[in-house]
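Take a look at the structure below.
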Amino acid sequence: MLKGRTALVTGSTQGLGLAIAERLAAEGCNVMLNGFGNADAIERSRAKIEEEHGVRALHHGADLADPAQVAALVEGALAAFGGVDILVNNAVVRHFAPIEQFKTEDWDRGLAVNLSAAFHTTRLVVPGMRQRNFGRIVNISSIFGLRGTVNRVDYVTTKTALIGFTRAVALETAAQNITCNAICPGSSSTPAIEQRLDAFMEKEGLERDEAVKAFMSTRQPSGRFVQPHKVAGLVAFLCGPDGVDTTGSAISIDGGWNAA
């Protein structure tokens with residue numbers, strides 16, 4: 001469906017970002033991975049994508065808090081693949097504290113990685129998309145881009161702003177076969193969530209099934225995690241031919257959380 005296209009997925013060395021990169025590779029895309037982690041594990045993921053899907057996969061370790069490194073990431077993708085057809089802004093940092101205790105440096109890094117990096121990647125890839133009359137931009141927002149929560153002011157602020165950013169870019173590019181959408185996942189079984197669940201299990205003395213049920217009781221009415229490959233499937237739809245008229249949208253995939 002997307003054979004020969006190139007996708008740049010930020011924050012894609014594990015979890016949701018890696019699932020998205022793998023799905024786009026399965027659709028025929030060459031992929032540029034980005035993110036931190038164990039170098040051997042990243043190389044295994046990169047090589048596996050190439051072997052299983054017959055595409056090219058590269059990795060760039062840019063720190064997206066630094067605009068110069070964001071530029072180097074995009075330049076690396078352009079040099080390697082000749083263009084970026086699909087951009088998925090997935091990279092994220094999370095901090096937890098009440099507003100009066102929230103560290104200034106955590107606020108600044110949250111803005112830089114969660115929001116400004118999406119601005120920089122988008123502004124750098126859009127000229128090529130305009131030239132080729134094709135582009136798909138998907139910004140990974142959150143359920144907390146649609147509603148608030150406590151002790152996560154940087155996350156709620158940036159994920160909400162990312163939806164406004166999506167609408168603005170969608171309107172600027174709508175006439176040129178470029179779409180820009182936001183996806184708003186609920187709780188997904190990513191490494192970050194699993195760490196929180198493990199801490200919850202230890203604190204409450206619960207087995208996993210009991211912990212998941214309790215964890216979800218104030219979240220997703222479905223009572224289950226959103227699986228990363230399901231979010232990746234939605235990304236693939238938006239990037240494919242059937243997604244051509246979907247732009248400027250904030251799409252929930254949250255087991256009914258936002259409807260509650």
Side-chain angles (χ1 to χ4, degrees), residues 9-26 33 35-38 40-42 44-45 48-49 52 88-98 101-102 106 110 113-114 138-156 158-160 162-163 182-238 250-260:
V9 185
T10 67
S12 52
T13 54
Q14 62 178 345
L16 184 56
L18 181 57
I20 292 169
E22 289 174 337
R23 177 57 188 267
L24 291 175
L33 304 172
F36 307 135
N38 179 274
D40 290 339
I42 292 171
R44 285 194 297 272
S45 295
K48 181 182 176 210
I49 288 172
E52 290 190 355
V88 182
N89 288 306
N90 172 71
V92 65
V93 294
R94 298 174 175 85
H95 303 99
F96 300 86
Q101 298 174 19
F102 212 92
D106 290 344
V113 175
N114 300 359
V138 182
N139 299 314
I140 306 300
S141 180
S142 166
I143 178 67
F144 295 124
L146 301 170
R147 60 194 303 166
T149 191
V150 299
N151 299 334
R152 303 183 69 180
V153 66
D154 65 333
Y155 190 78
V156 173
T158 54
K159 292 302 186 179
T160 302
L162 201 55
I163 294 173
I183 293 177
C184 303
S187 289
S188 185
S189 54
T190 62
I193 291 294
E194 288 296 332
Q195 289 177 3
R196 293 177 61 194
L197 185 63
D198 288 344
F200 182 69
M201 290 168 60
E202 183 175 352
K203 178 182 176 182
E204 301 296 331
L206 299 174
E207 297 296 325
R208 181 179 172 82
D209 288 349
E210 295 174 308
V212 169
K213 183 177 180 180
F215 189 79
M216 289 297 176
S217 64
T218 58
R219 292 173 172 81
Q220 284 154 207
S222 65
R224 61 180 180 272
F225 285 115
V226 175
Q227 295 302 313
H229 73 273
K230 300 293 187 183
V231 180
L234 180 54
V235 173
F237 165 79
L238 292 172
I251 305 171
S252 297
I253 178 166
D254 60 11
W257 190 348
N258 194 49

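Values below: every heavy atom of this structure, side chains too, minus hydrogens, waters and symmetry copies.
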- Spacing of CE belonging to M216 relative to CZ belonging to F225, to within rounding of 0.5 Å: 4.0 Å
- Contact summary for D154 and H95, nearest pair of heavy atoms: OD2-ND1, 2.8 Å
- Item | Nearest-0.5 Å distance that lies between atom OG in S45 and atom CD in E22 | 6.5 Å
- Note on the structure: What one should report as the nearest heavy-atom pair of S187 and F215 is OG-CE2, 4.0 Å
- Got a donor-acceptor contact below 3.5 angstrom from the R152 side chain to the F144 backbone? no
- Message: To check you understand the geometry: which heavy-atom pair defines the closest contact between W257 and R147, and what is its length?
- Response: O-NH1, 2.8 Å
- Item | Main-chain N/O of G11 paired to N90 side chain as donor or acceptor, under 3.5 Å | yes
- Okay, side chain of S252, backbone of C184: is any donor-acceptor separation there less than 3.5 Å? no
- Task: Give the intermediate values and the outcome of side chain to side chain contact (heavy atoms under 4.5 Å, CB included) for residues V113 and T10.
- Result: CA-CA 10 Å; V113 175; T10 67; over 6 Å; no
- For the student: nearest non-hydrogen atoms of A21 and L33, plus distance: CB-CD2, 3.5 Å
- Does the side chain to side chain contact (heavy atoms under 4.5 Å, CB included) test come out yes or no for L206 and V212, once each step is laid out? CA-CA 9 Å; L206 299 174; V212 169; over 6 Å; no
- Message: I'd like to know if the side chain of N139 and the backbone of S141 have a donor-acceptor N/O pair within less than 3.5 Å.
- Response: no
- Closest approach of A19 to A232 (non-hydrogen atoms, all atoms of both residues): O-CB, 3.5 Å
- Message: Could you report the tightest heavy-atom contact between I163 and A182, atom names first, then the distance?
- Response: CG1-CB, 4.3 Å
- Task: Compare all side-chain heavy atoms of Y155 with those of V92 and state whether any distance is below 4.5 angstrom.
- Result: yes
- Message: Strictly distance-based, threshold 3.5 Å: is any side-chain N or O of K159 a donor or acceptor partner for the main-chain N or O of L146?
- Response: no
- Message: Rounded at 0.5 Å granularity, tell me how far CD1 in I193 sits from CZ in R94.
- Response: 6.0 Å
- Looking only at atom types and distance, does a side-chain atom of S189 sit under 3.5 Å from a main-chain N or O of Q227, one as donor and one as acceptor? no
- Test item: L24 and V88 side chains (from C-beta on) under 4.5 Å apart, heavy atoms: yes
- Are the side chains of R23 and V235 in touch, meaning some heavy atoms are under 4.5 Å apart? no
- Test log, rule side chain to side chain contact (heavy atoms under 4.5 Å, CB included), inputs N114 and L162: CA-CA 8 Å; N114 300 359; L162 201 55; over 6 Å; no
- Query: Which pairs pass salt bridge (charged side-chain N to carboxylate O under 4.0 Å, His left out) with one or both residues in residues 197-225, sequence neighbours excluded?
  - Reply: E194-R208
- Message: Can you confirm whether L238 sits close enough to I251 that some side-chain heavy atom of one is under 4.5 Å from a side-chain heavy atom of the other?
- Response: yes
- Distance in Å, D254 CG paired with I143 CD1, rounded so as to fall on 0.5 Å steps: 4.5 Å
- I20 vs I140 side-chain heavy atoms within contact, under 4.5 Å: yes
- Task: Report the C-alpha distance between T13 and F36 in whole Å, list the side-chain angles of each, state the deciding distance to 0.1 Å, and finish with yes or no for side chain to side chain contact (heavy atoms under 4.5 Å, CB included).
- Result: CA-CA 7 Å; T13 54; F36 307 135; 5.6 Å; no
